[in-house]
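To start, the structure itself, in structure tokens.
In what follows, every heavy atom counts, from backbone to side chain, and hydrogens, waters and symmetry copies are set aside.
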Amino acid sequence: MPVQVPETMKRIVHFGSRNYGQLTASRRMLPQFLICGGQRCGTTSLYRALAAHPAVIKAVLHKGVHYFDVGYHHGLRWYRGHFPLQRRAERVRAEFGVPAQTFESSPYYMYHPHALARIAADLPGVRLVVLVRDPVERAYSQHAHEVARGFEPEVDFAKALELERERLDGQRDKLIADPFAYSFPHQHHAYRARGEYIEYIEPMAKLLGRDRIHVIDSSEFFERPEPVYDAVVEFLGLPHVNSYPLFDRHNARPRNRLDDSIAQQLAAHYEPYDERLATFLGHKPSWMQR
């Protein structure tokens, strides 16, 4: 039976590791790629699959560091302290003959108004991996996730959607005006807005370059993970290996079926965004082909 480590002890260990990380920051790696969204689109599953690649070394403590969105005030040395030491990367290169890569996954990077410019400035040449799924299902899944984590007091999804406009009113402007401001509703209550994928992907492509962005349809990833994984490995310039990692659904939450009328209203809202996304991708995403 696994031993449960008390939360207090975990915090002490993490605090000590972060301090050590900052002290040794100059000898640490910076990410070659990031999984930057979307939320509730399979980012955890992809993170674990990529972390199992022999030429990839994940962040030291957390899947998501959240530096470029809510932690930028800590500074680049703090961020660098979250990643492996260069000597570990050298061991990987000696064993496999290719440079090691490290990464993290913070889905809020895709949506925070300052994150992409910060990424472009601090990680020149970095590659971004984006996952998208049926935006109606994504919104419903996010609400269930926020309720389960205690971040959403309104348990009725329809009512939470009604509250969204009021909750988000002025929040993006607030974040833009003050680079170090924080908005809880912008991070946790943007159910409808987060599924307007093209509104975030187009600026990403303009700022970083289309060739540095790889968009994954999460439905395809869960139904046929091997070719999707192969395409990501190719995009990242990683060597192909003889076996695949364990593919699984992480953070999936059971929930009741979404009311048809709400689903139809959301689908109508997303239609123009989905059409633009299809143009960007050069093909219709899976949910438009049903």
Side-chain angles (χ1 to χ4, degrees), residues 35-47 64 69 105-113 115 129-172 175 183-204 215-223 249-278 280-281 284-290:
I35 300 175
C36 63
Q39 186 187 19
R40 307 305 297 163
C41 292
T43 56
T44 299
S45 297
L46 182 62
Y47 174 87
D69 46 30
S105 174
S106 297
Y108 192 35
Y109 288 167
M110 182 171 169
Y111 308 105
H112 192 281
V129 178
V130 177
L131 291 97
V132 296
R133 68 184 284 196
D134 183 331
V136 177
E137 294 178 358
R138 194 221 65 81
Y140 192 37
S141 176
Q142 184 195 346
H143 176 259
H145 186 61
E146 302 293 1
V147 169
R149 293 197 295 171
F151 295 156
E152 173 56 87
E154 179 51 73
V155 298
D156 185 280
F157 180 52
K159 291 181 180 177
L161 287 174
E162 292 174 3
L163 289 170
E164 183 172 338
R165 185 184 298 276
E166 179 182 348
R167 284 170 158 178
L168 297 187
D169 184 37
Q171 295 302 304
R172 182 175 174 81
L175 292 173
S183 170
F184 186 87
H186 188 271
Q187 184 172 9
H188 295 287
H189 297 154
Y191 306 118
R192 185 185 286 105
R194 293 283 183 92
E196 299 164 357
Y197 303 121
I198 195 64
E199 289 292 296
Y200 313 103
I201 293 175
E202 278 184 344
M204 188 186 300
V215 181
I216 298 171
D217 188 321
S218 64
S219 178
E220 294 178 359
F221 176 51
F222 286 123
E223 290 174 8
R249 286 178 179 265
H250 298 282
N251 290 340
R253 295 185 184 279
R255 57 190 185 279
N256 297 327
R257 185 174 180 273
L258 177 59
D259 181 85
D260 286 341
S261 63
I262 298 174
Q264 290 168 6
Q265 291 172 19
L266 283 173
H269 171 81
Y270 288 125
E271 186 174 357
Y273 300 101
D274 290 346
E275 291 290 350
R276 286 168 55 199
L277 178 64
F280 180 89
L281 295 175
K284 290 184 177 181
S286 60
W287 63 89
M288 295 182 71
Q289 300 176 27
R290 296 171 186 166

- Can you find a pair of side-chain heavy atoms, one from His143 and one from Leu161, that are under 4.5 Å apart? no

- Measuring from Arg167:CZ to His188:NE2, what's the distance to the nearest 0.5 Å? 11.5 Å

- NE2 of His189 to CG of Leu163: how many Å apart, nearest 0.5 Å? 9.0 Å

- Item | Between CE on residue Met288 and CG on residue Asp134, distance to nearest 0.5 Å | 11.0 Å

- Message: Less than 3.5 Å apart, any donor N or O on the side chain of Asp259 or Ser261 sitting next to an acceptor on the other?
- Response: yes

- Item | Spacing of Ile216 atom CD1 and Leu46 atom CG [to the nearest 0.5 Å] | 5.0 Å

- Task: Applying side-chain contact (heavy atoms from CB on, under 4.5 Å), run through Tyr191 and Glu152 and close with a yes or a no.
- Result: CA-CA 11 Å; Tyr191 306 118; Glu152 173 56 87; 2.5 Å; yes

- Query: Taking atom types as modelled and ignoring hydrogens, do the side chains of Glu196 and Tyr111 form a donor-acceptor contact shorter than 3.5 angstrom?
  - Reply: no

- Query: Can a salt bridge be assigned to the pair Lys159 and Glu162 using a cut-off of 4.0 Å between side-chain N and carboxylate O?
  - Reply: no

- Message: Any heavy-atom pair between the side chains of Pro135 and Arg192 that's under 4.5 Å?
- Response: no

- Task: Report yes if some heavy atom in the side chain of His112 is under 4.5 Å from a heavy atom in the side chain of Tyr200; otherwise report no.
- Result: no

- Note on the structure: Nearest heavy-atom approach of Leu175 to Ser183 is CD2-N, 3.9 Å

- Could you tell me whether the side chain of Asp69 and the main chain of Ala115 form a donor-acceptor pair under 3.5 Å? no

- Tyr108 and Arg194, any side-chain heavy atoms less than 4.5 Å apart: yes

- Note on the structure: All heavy atoms of Phe221 vs all of Ser45, minimum pair found to be CE2-CB, 3.9 Å

- Query: Does the distance from a Lys or Arg side-chain N to an Asp or Glu carboxylate O, for Glu199 and Arg276, drop under 4.0 Å?
  - Reply: yes

- Item | Gln289 atom CD: more than 12 heavy-atom contacts under 6.0 Å | yes

- Message: For His269 and Tyr273, take the angle between the two ring planes, folded into 0 to 90°, and tell me which bin it lands in: parallel under 30, tilted 30 to 60, perpendicular over 60.
- Response: tilted

- Message: Are the side chains of Cys36 and Val130 in contact, using a 4.5 Å heavy-atom criterion?
- Response: yes

- Nearest 0.5 Å please: distance from the CZ atom of Arg133 over to the OG atom of Ser219. 9.0 Å

- Note on the structure: Nearest heavy-atom approach of Gly195 to Arg138 is N-NE, 3.9 Å

- Item | Leu258 side, atom CG; Ser141 side, atom OG - distance, nearest 0.5 Å | 11.5 Å

- Query: If only atom types and distance count, is the side chain of His145 paired as donor or acceptor with the main-chain N or O of Gln39 below 3.5 Å?
  - Reply: no

- Taking atom types as modelled, is there a side-chain donor on Asp274 or Trp287 under 3.5 Å from an acceptor on the other? yes

- Nearest atoms (heavy-atom pairs only) where Ala267 meets Val136: N-CG2, 3.7 Å

- Query: What is the ring orientation for Phe157 with Tyr140, classed by angle as parallel under 30°, tilted 30 to 60°, or perpendicular over 60°?
  - Reply: tilted

- Atom of Gly38, atom of Thr43 and distance for their closest heavy-atom approach: O-CG2, 3.4 Å

- Query: Do the non-hydrogen side-chain atoms of Val132 and Ser218 ever get within less than 4.5 Å of each other?
  - Reply: no

- Message: Between Tyr197 and Phe280, is there a side-chain heavy-atom distance shorter than 4.5 Å?
- Response: no

- Message: Under 4.0 Å between a side-chain nitrogen and a carboxylate oxygen: does that hold for Arg40 and Glu137?
- Response: no

- With side-chain contact (heavy atoms from CB on, under 4.5 Å) as the test, would you mind laying out the steps for Glu154 and Asp156 before giving the verdict? CA-CA 6 Å; Glu154 179 51 73; Asp156 185 280; 3.2 Å; yes

- Heavy-atom closest pair, residues Ile201 and Val215: CD1-CG2, 4.4 Å

